[in-house]
Amino acid sequence: MNKIKMLYEGKGKKLYSTEEKDILIAEFKDDLTAFNAEKKGSENGKGDLNCKISSFLFELLEKNDIKTHFIKQIDSKNILCKEVKIIPIEVVTRNVATGSLTKRLGILDGKVLPFPLVEFYYKDDALGDPLINDEHCKILGITENIQELEFLRSQARKINTILKKFFDDRNLRLIDFKLEFGKDAQGNIVLADEISPDSCRFWDKNTNEKLDKDRFRQDLGSVKLAYEEVLKRILS
Ligand code: UDP
């Protein structure tokens, strides 16, 4: 399968059409962005790491009956995936309070939440991805019905259960993560985008060392080392 035409360039990936209808190639980039792309950087080899990590995690989820857009990894930074129409909601699941949640609600950073919190953010850079609820989704016409939102929520909770246990067994705390879903040609809602240290927060179970994009956001250094450590533990 070959890249025919670039259809879209996002912050972390480029999407290409292929000879086959409804099949795309996603290329993982080395670029890093934060704070709605106000902060920009690049880390040589980050694309390869995220490609490998995402591929592994999509396969893990597929084995656990979660439908995804993922078909296969084709080389170090490219995956083959089903074309989907992305639902413009960032589905964030949180096990521990940090980041924007602590700022918005004044919850202590690092507080373990009594249950996994699922939030919806409207995927719109110009608006700064605002937090929205089901009624906002309805008014904005983002989803066709309330059942679709319930489905996103239940998928996020299932995925959290699978990933939290997987990472816990590898000495990593899954703090929070962002998912994106899309509709395939048959109208099925499937998990899309990526699952990587760009979109998840991982803290070491013993030291709480941050092993994710917060190293870039907060200028903590050793960004690539942290992503390599996550991959090493995933493969262990
Ligand atoms: N996240 C993401 N893309 C975004 C916003 C958030 O991947 O545009 C992820 C982020 O890496 C974290 C989770 O979603 O794992 C929750 O992020 P939060 O709302 O705390 O935002 P931040 O602190 O990054 O502003």
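Treat the numbers as computed from the prediction; the structure is a model and nothing was measured. Ligands are counted one by one from 1 in listed order, and the atoms in each one are counted from 1 as well.
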When Phe56 is tested against each of Phe70, Phe166, Phe167 for ring pair (Phe, Tyr, Trp, His ring centres under 6.0 Å), which residue passes? Phe166
If I take atom [atom1] from residue [X] and atom [atom2] from residue [Y], how far apart are they, to the nearest 0.5 angstrom?
X      : Y      : atom1 : atom2 : value
Lys205 : Arg170 : NZ    : CZ    : 11.0 Å
Lys183 : Lys85  : NZ    : NZ    : 8.5 Å
Leu231 : Asn50  : CG    : CG    : 10.0 Å

Both conditions, 6.0 Å and 45 degrees, for the charged tip of Lys39 above the ring of Phe216: are they met here? yes
[X] neighbourhood, listing ligand 1 atoms whose heavy-atom distance to it stays under 4.0 Å:
X      : result
Phe177 : 15 (O)
Asp176 : 12 (C), 13 (C), 15 (O), 16 (C)
Asp129 : 8 (O)
Ser100 : 18 (P), 19 (O), 20 (O), 21 (O), 23 (O)
Gly99  : 20 (O), 23 (O)

Top protein contact for [atom], by heavy-atom distance:
atom                    : result
atom 4 (C) of ligand 1  : Glu90 OE1, 3.5 Å
atom 14 (O) of ligand 1 : Lys178 CB, 3.5 Å
atom 23 (O) of ligand 1 : Arg201 NH2, 2.8 Å

Proximal candidate to atom 24 (O) of ligand 1 [heavy atom criterion; set Lys11, Arg217, Gln218]: Arg217
Is at least one protein non-hydrogen atom found at under 4.0 angstrom from atom 6 (C) of ligand 1? no
Would you kindly say whether Asn95 and Asn160 are connected by a side-chain donor-acceptor distance under 3.5 Å? yes
Where's the contact between [X] and ligand 1, heavy-atom distance under 4.0 Å: side chain, backbone, both or neither?
X      : answer
Asp198 : backbone
Cys200 : backbone
Val92  : side chain

Under 4.0 Å, counting heavy atoms only: does Lys103 come that close to any atom of ligand 1? no
Report yes or no: do Leu61 and Val91 belong to one cluster of Ile/Leu/Val/Met/Phe/Trp/Tyr joined by side chain heavy-atom distances under 4.5 Å? yes
Under the 4.5 Å side-chain heavy-atom rule for ILVMFWY, direct or indirect, which residues accompany Ile71? Met1, Met6, Tyr16, Ile23, Ile25, Ile74, Leu80
Can you tell me which residue pairs pass the salt bridge (Lys or Arg N to Asp or Glu O under 4.0 Å) test with a partner in residues 102-122, sequence neighbours excluded? Arg94-Glu119, Arg104-Glu119
